[in-house]
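Residue numbers start from 1 in every chain, and the chains themselves are labelled A, B, ... in the order their sequence lines are given, proteins ahead of strands.
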Amino acid sequence: MEDAYRPATVEQAAQDHWARTRCFEVGEQSDRPKFYCLTMFPYPSGRLHMGHVRVFTISDVIARHRRMQGYNVLQPMGWDAFGMPAENAAIERGVAPAKWTYENIDYMRGQLKRLGYGYDWRRELTTCKPEYYRWEQWLFTKMFERGLVYRRNAVVNWDPVDQTVLANEQVIDGRGWRSGALVERREIPQWFMKITAYADDLLEELERMSGWPEAVKTMQRNWIGRSEGIELAFDVADGDQQLRVYTTRPDTLYGVTYMAVAAEHPLAVAAAEGQPALQAFLRECQQGQAAEAALETMEKKGMPLGVDVIHPLTGERLPVWVANFVLMGYGTGAVMAVPGHDQRDWEFATRYGLPIRQVIRPTDGRDGDLATAAFTDYGLLVNSGEHDGLDFAQAFDALAAKFEGEGRGRRRVNYRLRDWGVSRQRYWGTPIPIIYCDDCGAVPVPEADLPVVLPEDVEVTGSGSPLQNMPEFFECSCPQCGKPARRETDTFDTFVESSWYFARYACPDSDAAMLDDRADYWMPVDQYTGGIEHAILHLLYSRFFQRVMRDLGLSQHAEPFSNLLTQGMVLKDGAKMSKSKGNTVDPQALVEEYGADTVRLFMMFAAPPEQALEWSDDGVQGAFRFLRRLWRQVAAHVAAGPTEPLDAAALDEGQRSLRRLVHQTIAKVDDDIGRRHSFNTAIAAVMELSNAVNRFADGSPQGRAVRHEAIESMVLMLSPIVPHVCHALWQALGHEEAVVECPWPQVETAALAQATVELVVQVNGRLRARIEVAADVDKETALAQALAEDNVQRFVGAAAPRKVIHVPGKLLNIVV
RNA sequence: GCCGGGAUGGCGGAACUGGUAGACGCGGCGGACUCAAAAUCCGUUGGUGGAGACAUCGUGAGGGUUCGAGUCCCUCUCCCGGCACCA
């Protein structure tokens, strides 16, 4: 064995071994239980960044640990290859998106291999290839047949100068990123997937998903936003029209003092005819961005339409206002305003001098003063005629029954979740397989004509999609009647590709079907790891697609991911690493300087996976130093010659003590990696063991046997984290079999036994002494021994203890 | 604005189910080795007082529950993620 640790040669040798033995290529014939370990696949942006290294290392450690525990582990890798950056590169540098993407993939694949991840590369997926997206197009046509997709108008960010649709991130301070023009909201026809048809199922199943973090489940619950309320029609005065609204607070109905409608609402459009001031305001409402955060934070403005509605209970006339915060696309495009009991309505009413009426009285003695804010809690009805004195539930039932009897309203479950708009007016994406025929309407492309291939040789200008200028792409004939027709030039949202790739890894080469039997063997994913930023959209869309695939008979499973780990970001100087901030650290340079193992070790040691990780160059040095120390430790042990077998019964106190630590550490590391995913504490525990071995000076035959067990255990325990150096060290320890094929070390319970333990002694909850007691000591004995301590006596004094709390094996608290 | 999360020494973090605050690592300081430096090794390292034993303060801020709170509850501050066309 070499004296010095040389990562470059060590890592090359280990990677050659894995490639030669193809040990990460797995099939479905196995007597081991399956374990499917997956990370969110990367966008091929050009080079790996530290965030990638972090998430892939987390997953690789889990996969290698499971493998040692005897599972048939699948860990695949692929590329989420469609998306805007490729178009941006095309605009800026004139390189075709396809060429740019494939070159990035080639480079990044090399980087992944250099980092030593245990992937089954035969299953690599690239979503911009027709073999992949044809099945996505196929699924869309099946959803079309089942009525799960439809077309309607929806709002986009419109750049009036570049004449193009902008993504939210391309709008900076309300202006187009390239033109600088003020962005407008514009409605265009788009395709939608009916995720709302699964809203209740997606919501309810969360209750049973014990392997997901509570925070993610809470966010999804709130996103789906199930509410129970009443849909109610107000009669428009002086006419036969009705204004429909939905409310979850029918108990506040007597407090309605005005109505608010969206600028696009028919009532507003009709009222604006011949009223230039109102028309100007409606135009103003269409300015600004489509993003909800922008809408919610903008100044709330409105104007009266000069139209009244009749209050269905009091017969009072209520003015209808148009307001910029009410959106036509959500709900009915109209809301009833209760300024006394809704804060946004309160602010609007205060601004425009509209009446504020109290109709709910607090039940806990508060005054509920409406002069400073709305009172939004539940309470008892007042100023509500015959309904005075009812509580929320009673008022809800009474009013629902009344309106249902009159045919004016009905109880309704409503969701905040909206259907998924999948149309994008972009080039670099999966073509939507639809043909528009003047006679037959929107017709899905027949299965035999799939895939609709995206032309790769195009010129991207940044103004609209190149597909719109390519007759050879969009000119076609109607599949139904054969007449000349026009192909859809919009492409899919890239979230569509990432909503089913996890299942496709099971059968990436299947050209007869989207999924086959192999998907049922591997699915669901046992461990899914990715960024918390995907907590809602990607994970909800994937849950939706998995259900659609189940309902089409492609899978038996409703849920795609059994266990979810959401990892934090990698920061430097407290900020997310980004080119614009100039605070990036290139993984490639570090791998070249220290080796992959050092980078992996630092990543796993610096922070628990869910938390943000603060980058530290010194910390990387420390990780490298530890590996070098480990190397020397093994080298010194090996150089001292072979050891004799361990005889557990013949050990002295010092030997038993080190051996106890070995088995305690195995138990802790197994739990830390396998259950808690607390890799940083697992590494700390092995470091402590390594320090203890260094201090252990016993050169006797049994002393060396104990040290041998400790060192072999350390190498096995570290091998999921730093697999290359452990591959070399395991060989140096004289093993024929590679460490990657070794089972996880077993805890020997007998080695954990301990005759005495340290007990912390507190007086009135404050630490005053530590005593050594028998492991099974009773309370009285422990108390007597504690009272014999000088420092305990000082604080207890002559008084008799009022109360004694004994936590066996931990603490004794004397209360005086 | 709404939803979710976070805040512990000089720094990254540990404390898993309410029971020893600061494991492990980095950095600092002192020492050994060396002509010297690097590397390595040993010791030490939250603040204050004390020679020490030890005492006392201390987990973003303020309050509360408890024999005991970093951990539970209430109020607040700041930071991060998401908000449906970034991925």
Identified pairing partner of [N], criterion: Watson-Crick or G-U wobble below 3.5 Å:
N      : answer
B:rA32 : B:rU40
B:rG1  : B:rC83
B:rA55 : B:rU48
B:rC16 : none

Any [X] side-chain nitrogen or oxygen under 4.0 Å from OP1 or OP2 of [N]:
X      : N      : answer
A:R766 : B:rC67 : no
A:R768 : B:rA55 : yes
A:Q762 : B:rU20 : no
A:R676 : B:rA15 : yes
A:N691 : B:rA23 : no
A:T494 : B:rA87 : yes
A:N791 : B:rC54 : no
A:R625 : B:rG27 : yes
A:N680 : B:rA14 : yes
A:R628 : B:rU40 : yes

Please work out if [X] contacts a base, only the sugar-phosphate, or nothing of the nucleic acid, heavy-atom cut-off 4.0 Å.
X      : result
A:F795 : sugar-phosphate
A:V165 : base
A:L417 : base
A:W223 : base
A:E533 : base
A:Y43  : sugar-phosphate
A:V815 : sugar-phosphate
A:G421 : sugar-phosphate
A:S423 : base
A:H538 : nothing
A:F495 : base
A:K300 : nothing
A:M569 : sugar-phosphate
A:Q611 : sugar-phosphate

If the threshold is 4.0 Å, N to carboxylate O, is there a salt bridge linking [X] and [Y]?
X      : Y      : value
A:D493 : A:R424 : yes
A:E347 : A:K301 : no
A:E299 : A:R351 : yes

**Prompt:** Is the base of B:rC67 touched by the side chain of A:N813 through a donor-acceptor pair closer than 3.5 angstrom?
**Reply:** yes

**Prompt:** Does the B:rC16 base have a donor-acceptor partner in the side chain of A:R675 within less than 3.5 Å?
**Reply:** yes

**Asked** Quick one: do the A:E497 and A:T430 side chains pair a donor with an acceptor below 3.5 Å?
**Response** yes

Can you check the distance between [N] and [M], where both ends of the measurement are the [atom1] atom (answer in whole Å)?
N      : M      : atom1 : value
B:rC26 : B:rG13 : C1'   : 10 Å
B:rU45 : B:rA53 : P     : 11 Å
B:rC79 : B:rG68 : P     : 36 Å
B:rG10 : B:rC85 : P     : 46 Å
B:rG70 : B:rU59 : C1'   : 5 Å

**Request:** List the steps, then state whether side chain to side chain contact (heavy atoms under 4.5 Å, CB included) holds for A:W177 with A:E169.
**Result:** CA-CA 9 Å; A:W177 65 327; A:E169 75 156 10; over 6 Å; no

Specify the separation, in whole Å, of atom [atom1] of [X] and atom [atom2] of [N].
X      : N      : atom1 : atom2 : result
A:R794 : B:rA53 : CZ    : P     : 12 Å
A:D342 : B:rG1  : CG    : P     : 16 Å
A:E292 : B:rG4  : CD    : P     : 14 Å
A:W177 : B:rC86 : CH2   : P     : 11 Å
A:E184 : B:rC85 : CD    : P     : 19 Å
A:H677 : B:rG13 : NE2   : C1'   : 19 Å
A:Q621 : B:rA38 : CD    : P     : 13 Å
A:I683 : B:rG12 : CD1   : P     : 18 Å

**Fill in**
Here the gap from A:Q793 atom CD to A:R768 atom CZ, rounded to the nearest 0.5 Å, amounts to 13.5 Å

**Asked** Rounded to the nearest 0.5 Å, how far apart are CE of A:M77 and OG1 of A:T39?
**Response** 4.0 Å

**Message:** On RNA chain B, compare the nucleotides closest to A:D493 and A:M219; which residue's is nearer the 5' end?
**Reply:** A:M219

**Asked** Start at the 5' end of RNA chain B and walk down; is the nucleotide closest to A:S678 or to A:R695 reached first?
**Response** A:S678

**Item:** Side chains of A:F492 and A:W191 in contact at under 4.5 Å (non-hydrogen atoms)
**Value:** no

**Request:** Dump the intermediate steps for side chain to side chain contact (heavy atoms under 4.5 Å, CB included) on A:N88 and A:Q170, then the final yes or no.
**Result:** CA-CA 11 Å; A:N88 295 341; A:Q170 294 175 316; 4.3 Å; yes

